[in-house]
Amino acid sequence: MANKIYYYELAEKKGISFETFLKAYLKEGEGRKLPMSLNEPVFHFVEKFIEMLTLIKKEGKKVAIVGDYDVDGILATYIMSLLLKYLGIPYVSILPNRFTDGYGLSTKLVDRAIENECSVIVTVDNGIVAFEACEYAKKQNIQVIVTDHHLPSSDGRLPNADLIIAPTLKNDNIKAPNICGAFTAFLLARDVIREAKGSERIIQNMAEIAGLATLADQMDLQYENLKIVKYLMSRIKKQKFSNKGLKVLAQIMNIKLINATEEDLLFSIIPALNATGRMETAEIALNLLTENEPKNIVKICSKIIELNNYRKSYSRKYADILINRISDKDINCTISVLDPTRYDKEIDKDLRGIVGIISANIVEVNNKPNFTFFKTKDGHYHGSGRSIEGFDLHEFVNSHKDEFEVLKMGGHSGAMGITIADEENLDKFRKALNQEKVDLPDVVKPYIKLSTTMNFEEIFEIVNKYGPYGPSHQKPIFVIETTPQNGIIFGKKHLQFNVTIFGNLINCIYFFNTELDEIKDKTCNIFFSFTKDSSNKLQLNIEKIEPKEK
């Protein structure tokens, strides 16, 4: 990965302000500021959706909300439950178990809806390719409403549902159709409540959750997505964020919400919620969102933090192990197989849920696409893949899929899941992806060069002004040339030191790095992003350090 340095020092000498420089660097355009249509329905079929809900309520039917086990699916389920509760429609929330149910609406979940005396199923964040499940539901006289944000089948087929609402099918009034499942659920819920001339407060509360899901699902921060995340962050800053459970979770995790950035949410609260579905069951996170009793909230938070700690320790440990076992034959895409019993005699957790995190960690270090597989009890290999910028992993695998037996496959250019029949086909998979050298893109990463004589507090405020940051609007990373001071290793795995900026000592944290001797008493290029610590003091989060040659 090559560096591209933009020197603000040169621009400063020409009298260009940092804010002007940053706007040009970010290519800030009017396109990112287009407003969402807030005063009219977004989806063409919202009127039919309202009619169906009205009839469901009139006939006294019970609804099963079927979500997903990731954060977007959990939050989408919560939003839809708030809507049905507001309308007075009886419901039950059903989240699939990653290990026993698999992804999305299935015949097994239809049966679970029937067991709960439901005659209607509303999906959120899934369902647009649930062909078998929808046919099965029809035979059981179960009405199905699909709300999803994923792409339909490549052959254009749609499931036999009573209603399908998805931004990927029609643009409607949405300027950016790549919204997440919870945002889709929110827009529907908002239009239903406004049609009923209901409370704006519940809409505001739902909008916060949709903003959190947009961050969690790593949606491009353009148009509606940018607006909903900005709304979330403004509610947090004004101490108006409403969900009790999430506020307690932040407090227990030592996150001061009033000072929180989108990165604090992305690297703390969101992974903690996600850990429930990865390590055990997503219902734990859903229970946190719906619980109001303080004692119960604290108990649920403790369980979530326990699972998150498992997730962090296992994923980091096994990523480090598998990085050292990468084969030289994997010239295009590295293939790893996680076998926990090889390294630990007793593992009381099913670790299929963390293969995606492990794969992402391997890509970060190795800068090549990676698939990490986990052998399931039935002998199949369940895998999760991650790519690098500019390389379409899904298209790459799809072009070779006739060379090995695939039981299940789905995803997009940057991330995908795949299930392969057996070890023989796993070997075929490895050979197919690495049979001839592919020119992987040479990713050039941009940085802004600053001087240690600049006022970083002012720069931090300007950087925050043009947030929130995320996909398609990346937070700027900076570089300075300086000598680290007072370096120590803490927690046995992180590096902490100081740098002198504008005459003041500023704390720096380099997570998961302990190479203190590599930088001690050396002039280095330090690559970092700005943040604030728990006491609201400026802090630099280090991305990498390059000691300079003497």
Side-chain angles (χ1 to χ4, degrees), residues 70-72 74-75 78 180 182 208-219 221 229 232-237 239 241-280 282 284-289 297-298 300-316 319 353-354 356-357 360-361 364 460 464 467-471 474-475 490-491 493-494 496 507-513 528-543:
D70 70 356
V71 176
D72 185 24
I74 296 165
L75 299 181
Y78 177 58
C180 68
E208 298 170 354
I209 301 301
L212 188 64
T214 299
L215 279 177
D217 225 36
Q218 290 287 279
M219 295 289 101
L221 291 190
V229 174
L232 164 70
M233 301 312 297
S234 70
R235 296 276 287 184
I236 287 174
K237 296 295 182 188
Q239 301 186 63
F241 186 76
S242 58
N243 189 269
K244 292 180 181 179
L246 292 176
K247 286 194 287 189
V248 173
L249 180 62
Q251 184 178 7
I252 293 176
M253 296 181 75
N254 295 317
I255 298 165
K256 291 184 178 179
L257 281 180
I258 192 171
N259 298 324
T261 66
E262 60 273 19
E263 285 183 321
D264 293 321
L265 303 179
L266 270 171
F267 295 109
S268 57
I269 292 175
I270 287 170
L273 294 175
N274 215 7
T276 60
R278 289 188 180 278
M279 305 303 297
E280 203 165 291
I284 297 169
L286 184 61
N287 290 340
L288 176 69
L289 295 165
I297 288 175
V298 171
I300 296 170
C301 286
S302 297
K303 180 64 175 177
I304 289 175
I305 290 170
E306 175 192 330
L307 293 175
N308 193 40
N309 287 336
Y310 273 123
R311 188 268 308 171
K312 287 192 290 186
S313 61
Y314 282 135
S315 58
R316 176 59 61 175
I354 65 169
I357 301 173
N361 287 340
E364 187 178 340
F460 172 78
N464 273 0
Y469 296 99
Q474 294 290 340
K475 188 173 187 178
F490 71 97
K493 53 187 176 182
H494 309 301
Q496 179 176 322
N507 190 42
C508 303
I509 302 291
Y510 196 172
F511 290 106
F512 301 106
N513 187 290
F528 65 91
S529 60
F530 289 107
T531 187
K532 289 285 184 83
D533 63 18
S534 57
S535 60
N536 203 33
K537 289 183 179 179
L538 191 66
Q539 178 177 289
L540 308 187
N541 280 358
I542 307 304
E543 180 186 272

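These numbers come from a predicted model, not from an experiment.
At least one side-chain heavy atom of Thr214 sits less than 4.5 Å from a side-chain heavy atom of Leu221. Counting heavy atoms from C-beta outward, Leu273 and Leu289 have side chains that stay 4.5 Å or more apart. Annotation: side chain of Leu288 is not in contact with side chain of Thr276 (no heavy-atom distance under 4.5 Å). Counting only heavy atoms from C-beta outward, the side chains of Ile357 and Tyr314 never approach each other to under 4.5 Å. Leu215 is not listed as a side-chain neighbour of Val71, based on a closest heavy-atom distance of 4.5 Å or more. Taking 4.5 Å as the limit, every side-chain heavy atom of Leu540 sits out of range of all side-chain heavy atoms of Asn507.
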Would you check, one step at a time, whether the test side-chain contact (heavy atoms from CB on, under 4.5 Å) holds for Ile354 with Tyr310?
CA-CA 10 Å; Ile354 65 169; Tyr310 273 123; over 6 Å; no

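Minimum heavy-atom separation, Arg316 to Phe512: NH2-CD1, 3.5 Å. Shortest non-hydrogen contact noted between Gly245 and Cys301 is O-SG, 4.1 Å. Of all the heavy atoms in Lys237 and Ala260, the pair that sits closest is NZ-O, 2.9 Å. When all heavy atoms of Asn308 and Pro271 are compared, the pair lying nearest together is OD1-O, 3.5 Å. Between Leu212 and Leu232, the shortest heavy-atom distance links the atoms N-CD2, 3.5 Å. Nearest heavy-atom pair, Val229 versus Pro468, reported as atom, atom and distance to 0.1 Å: CG1-CG, 3.4 Å.
Legend: residues meeting ring-ring contact (aromatic ring centres under 6.0 Å, His included) with Phe267, ordered by chain and number and at least two apart, are absent. For Asn541, the side chain to side chain donor-acceptor pair (under 3.5 Å) partners are Gln539, not counting sequence neighbours. Among residues two or more places apart in sequence or in another chain, the side chain to side chain donor-acceptor pair (under 3.5 Å) test is passed with Thr261 by Asp264. In terms of the salt bridge (Lys or Arg N to Asp or Glu O under 4.0 Å) criterion, residue partners of Glu543 (sequence neighbours excluded) are, by chain and number, Lys445. Every residue meeting the side-chain contact (heavy atoms from CB on, under 4.5 Å) condition with Ser242, not counting sequence neighbours, appears here in chain and number order: Asn205, Glu208.
When the shell of 6.0 Å around NZ of Lys493 is examined, it contains 12 or fewer heavy atoms from other residues, nucleotides or ligands. For Lys475, the NZ atom counts as densely surrounded, since its 6.0 Å shell holds more than 12 non-hydrogen atoms of other residues, nucleotides or ligands.
At distances below 3.5 Å, not a single donor-acceptor pair connects side-chain atoms of Gln239 with backbone N or O atoms of Ile236. With hydrogens and angles ignored, the 3.5 Å screen pairs a side-chain donor or acceptor of Asp72 with a backbone N or O of Ala182. Checked by atom type and distance alone, the side chain of His494 never pairs as donor or acceptor with a backbone atom of Tyr510 at under 3.5 Å.
Aromatic ring orientation, Phe530 versus Phe528: perpendicular (interplanar angle above 60°, classes split at 30° and 60°).
Leu75 CG to Asn243 CG: the interatomic distance, rounded to the nearest 0.5 Å, is 9.0 Å. The CG atom of Asn464 sits 8.0 Å away from atom NZ of Lys532, with the distance rounded to the nearest 0.5 Å. The distance from the OG atom of Ser529 to the CZ atom of Phe460 is 10.0 Å, given to the nearest 0.5 Å. Here the straight-line distance linking atom CG of Asn259 with atom CG of Asp533 works out to 9.0 Å at 0.5 Å rounding. Atoms NZ and CE, from Lys303 and Met279 in turn, are 10.0 Å apart once rounded to the nearest 0.5 Å.
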Under 3.5 Å, side-chain donor or acceptor atoms of residues 247-258 against the rest of the protein: list the pairs with distances, not counting sequence neighbours.
{"unit_1": "Lys247", "atom_1": "NZ", "unit_2": "Phe241", "atom_2": "O", "d": "3.2"}
{"unit_1": "Lys256", "atom_1": "NZ", "unit_2": "Ser534", "atom_2": "O", "d": "3.2"}

